[in-house]
Amino acid sequence: MPKKFFITTAIDYPNSRPHIGTAFEKIGADVQARYRRMEGCDVHFLMGNDENTIKVSRKATELKRAPKEYCDDMANQFKEVWRALDISFDDFIQTSEPRHHVGCQKFIQKVFDNGHIYKGHYEGLYCDGCEGFKTEKEVKEAGGVCPDHRVAPVLRKEPCYFFALSKFQDKLLSFYEQHPDFIQPESRRNEIVTLVKSELRDVNITRLGQEWGIKVPFDPEFTIYVWFDALLNYITAVGYGTLAGCASDGEPNPSLARLANEADFATWWPADIHFIGKDITRFHCALWPAMCFAAGIEPPRSVFGHGFVYIKKDDASAAEKISKSLGNVIEPMEIITKFSSDGFRYYFMRECPFPGDGEFSWERFAAVYNSDLGKNLGNLLSRVTTLIINNFDSVLPGTAGQMPTPIAADLAETVRQVQAHMQACQYNSALEKIWRQILDPANQYAEKNEPWKLVKTDKDAAKPILFNLSEPLRIAAILLKPVLVRSSATIYGSFNFTQPWEKVRYADVCTRPTQAEDLRVIATLDARGKVPPLFPVIK
RNA sequence: GGCGGGGUAGCUCAGUUGGUCAGAGCAGCGGCUUCAUAAGCCGCGUGUCGCCGGUUCAAAUCCGGCCCCCGCUACCA
């Protein structure tokens with residue numbers, strides 16, 4: 001029975017379209033999902049949008065649309081971008097969906113029944129733009145206005161419900177101790193441990209008198225507020241609180257039989273890894289496990305707080321945070337349509353260490369794309385295939401039943417290291433290894449043996465050289481499969497390799513089966529009679 | 001203010017327990033080559049390893065002080 005692996009990403013606010021920063025997270029999560037699938041795991045990859053906020057309903061009103069309709073439209077736009085980026089999500093939850101509402105209400109009721117929610121009141125400076133209370137300090141420092149929205153907050157006092165987070169301090173600390181890998185990277189872990197050790201305040205989890213949102217079941221005057229709603233998407237999406245084949249009101253409905261339900265929840269939960277931005281680690285690493293304790297469910301296995309992508313202008317000025325007000329937002333679609341999904345994915349995975357921050361500039365993008373993808377990898381495929389096509393009519397006779405001689409040294413060790421890096425989400429290191437250990441030696445091998453010369457003097461001698469050169473292409477295709485979704489398949493599919501592409505695993509790198517038939521270039525050729533360039537160089 | 005992480009070639013960064021550790025990639029320069037996407041290969045870096053002092057036969061690598069940068073967090077207010 002395959003090991004289950006449940007991966008999530010943060011759910012996004014749909015009041016603006018996704019930018020490359022949000023895409024960075026999805027790509028990193030997708031690489032992990034694809035890697036785990038390759039390694040035989042039964043993966044469930046969840047993404048979604050966070051829709052129950054006042055901003056959403058406000059924006060919808062502005063556009064004279066119903067909130068739900070607006071959310072659905074935005075969700076489609078998000079999914080369109082994610083699909084274009086080849087993000088292989090299995091499910092996309094919108095928190096306005098019935099399954100989320102039902103599960104949320106079950107959850108909060110459960111926590112209430114367990115005695116971890118109490119009624120109180122809260123008074124503070126409230127900013128509508130933030131949908132939240134600001135501390136006096138924040139407001140004062142910004143000169144009497146909200147630092148984010150530059151409007152004066154209003155004093156507001158209202159009854160509300162609190163979640164007794166403070167009660168879970170000891171339990172959280174011992175949980176961190178028992179699960180040293182719960183928070184990654186380690187620097188984030190240290191921050192959270194320090195935070196939880198110092199102070200945990202009970203958190204306000206409701207809002208009064210709002211239409212859009214999820215009603216508090218034990219007091220419908222209130223709606224559930226932000227985190228107590230948003231975090232729950234991870235469990236409601238896989239069926240928490242939903243009975244098999246029942247509508248949201250609990251009435252049996254056969255047409256819903258295939259929806260996630262409690263049995264699915266038991267299958268998938270706990271999540272193996274939540275991918276989130278480093279700015280929301282405290283909610284995922286302190287509040288969320290405490291909520292799980294309070295409701296009597298297991299907390300997630302791990303949380304990975306990735307870094308941010310900053311925009312670097314090509315004029316060498318300092319990198320900027322991505323922000324609409326700075327007008328530096330780059331739409332993922334812009335990169336995808338100009339170049340390719342694989343180019344986008346490669347740049348971010350290679351250039352931006354996932355645990356830390358990275359930068360994007362068009363100049364840098366072009367440099368990395370050209371040198372790594374175009375000149376190094378793409379060109380290797382071109383030169384090898386062209387030699388076989390032009391000199392052997394696409395077939396290397398006598399290679400059936402043969403094994404190529406390895407070019408790279410310590411292949412098994414390289415694979416082991418790449419695997420370790422993939423598992424640790426150190427994608428940049430994994431990719432660097434592949435280039436240095438597999439692709440560089442291949443180009444060097446070609447140069448040293450000069451098959452283009454041999455072909456004119458001694459074809460039989462050229463044959464094994466070309467056969468051997470197919471091997472690093474096969475290996476690179478397999479190792480790169482989680483990252484270069486399309487081009488890895490193109491590379492692999494350029495030859496009649498014995499194993500089916502859908503089934504290859506990292507372990508197959510070292511145990512290539514003997515070539516069943518003579519090695520043949522089976523790629524579709526372009527007008528020149530050559531394999532089309534994989535990554536056309538950017539001028 | 002406290003805690004944590006950093007400051008290494010033009011750029012991005014590797015450097016495990018102190019002793020070929022002064023490195024890689026990119027960019028740049030020179031040469032070779034022409035199968036290939038004007039692609040490839042080879043060669044070239046005297047860099048105060050942030051600053052100062054200390055320990056040691058030996059420190060980028062340990063200790064102390066200082067200066068910057070980043071993250072989390074606090075307080076004054």
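Chain naming here is simple, since letters A, B, ... match the order of the sequence lines and numbering starts at 1 in each. All figures in this text were calculated on a predicted structure; none of them were measured in a lab.
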Rounding to an integer number of Å, can you tell me how far [X] [atom1] sits from [N] [atom2]?
X	N	atom1	atom2	answer
A:His284	B:C72	NE2	P	17 Å
A:Leu200	B:U73	CG	P	12 Å
A:Asn443	B:U37	CG	P	14 Å
A:Phe535	B:A38	CZ	C1'	20 Å
A:Glu191	B:U73	CD	P	8 Å
A:Leu431	B:U12	CG	C1'	15 Å
A:Leu195	B:C72	CG	P	12 Å
A:Asn370	B:A39	CG	P	8 Å

Could you tell me the Watson-Crick or G-U partner of [N], where both distances fall under 3.5 Å? Say none if there is no partner.
N	value
B:G30	B:C42
B:G47	none
B:U55	none
B:A60	none
B:G23	B:C13
B:G4	B:C70

Once side chain to side chain contact (heavy atoms under 4.5 Å, CB included) is applied, do any residues pair with A:Asp460, and if so which ones, sequence neighbours excluded?
A:Asp458, A:Lys463

With a 4.0 Å cut-off on heavy atoms, is A:Leu534 in touch with a base, just the backbone sugar-phosphate, or nothing at all?
base

Over all strands shown, is A:Arg528 touching base, sugar-phosphate only, or nothing at heavy-atom distances under 4.0 angstrom?
sugar-phosphate

Where do A:Lys26 and A:Asp12 land on the salt bridge (Lys or Arg N to Asp or Glu O under 4.0 Å) test, with the steps shown first?
CA-CA 11 Å; A:Lys26 314 309 176 194; A:Asp12 299 304; 3.1 Å; yes

Taking atom NZ of A:Lys338 as the centre, report whether more than 12 heavy atoms of other residues, nucleotides or ligands fall under 6.0 Å from it.
yes

Would you please classify the geometry between the A:Phe365 ring and the A:Phe360 ring as parallel, tilted or perpendicular, with 30° and 60° separating the classes?
tilted

A:Trp362 vs A:Phe339 aromatic rings, parallel, tilted or perpendicular, using cut-offs 30° and 60°?
tilted

In this structure, CD1 of A:Ile335 is separated from OH of A:Tyr369 (nearest 0.5 Å) by 12.5 Å

Using the [atom1] atoms only, state how far [M] lies from [N], rounded to an integer number of Å.
N	M	atom1	value
B:G40	B:U46	C1'	31 Å
B:C41	B:U33	C1'	8 Å
B:G53	B:U17	C1'	25 Å
B:C57	B:G18	P	16 Å
B:G47	B:G2	P	36 Å
B:G10	B:G6	P	22 Å
B:G50	B:C70	C1'	15 Å
B:C49	B:C62	C1'	16 Å

Using heavy atoms and a sub-4.0 Å distance, could you list which residues of residues 381-400 of chain A are near RNA chain B? By number, please.
A:Ser382, A:Arg383, A:Thr386, A:Leu387

Enumerate the residues from residues 445-471 of chain A whose closest heavy atom to RNA chain B is under 4.0 Å, giving them by residue number; use none for an empty result.
A:Glu447, A:Trp452, A:Lys453, A:Lys456

Which atom pairs, donor and acceptor, lie under 3.5 Å between side-chain atoms of residues 448-456 of chain A and protein residues at least two apart or in another chain?
| unit_1 | atom_1 | unit_2 | atom_2 | d |
| --- | --- | --- | --- | --- |
| A:Asn449 | ND2 | A:Tyr445 | O | 2.9 |
| A:Glu450 | OE2 | A:Lys453 | NZ | 3.2 |

Between A:Lys278 and A:Val531, which has a closest nucleotide on RNA chain B that is more 5'?
A:Val531

Using atom types as modelled, flag every donor-acceptor pair under 3.5 Å from a side chain in residues 373-381 of chain A to any protein atom, sequence neighbours excluded.
| unit_1 | atom_1 | unit_2 | atom_2 | d |
| --- | --- | --- | --- | --- |
| A:Asn376 | OD1 | A:Asn443 | ND2 | 3.3 |
| A:Asn376 | ND2 | A:Asp440 | OD1 | 3.0 |

Looking at A:Asp508 and A:Arg474, does any basic side-chain N land under 4.0 Å from a carboxylate oxygen?
no

Is a salt bridge present between A:Arg36 and A:Glu39, judged by a nitrogen-to-oxygen distance below 4.0 Å?
no

Mind running side chain to side chain contact (heavy atoms under 4.5 Å, CB included) on A:Phe304 and A:His306 for me, showing each step along the way?
CA-CA 6 Å; A:Phe304 191 101; A:His306 64 77; 4.1 Å; yes

Quick check, are the ring centers of A:Phe354 and A:Phe24 under 6.0 angstrom apart?
yes

Under 6.0 Å between ring centres: does that hold for A:Phe163 and A:Phe168?
yes

So A:Gln423 and A:Gln419, side chain to side chain donor-acceptor pair (under 3.5 Å) or not? Walk me through it.
CA-CA 6 Å; A:Gln423 278 176 29; A:Gln419 273 179 305; over 6 Å; no

Summary of protein contacts for nucleotides 23-31 of chain B, nucleotide by nucleotide, where a base hit scores B, a sugar-phosphate-only hit scores S (4.0 Å, heavy atoms):
-SSS-----

Taking N and O atoms by type only, does the side chain of A:Asn379 place a donor or acceptor under 3.5 Å from a partner on the base of B:A39?
no

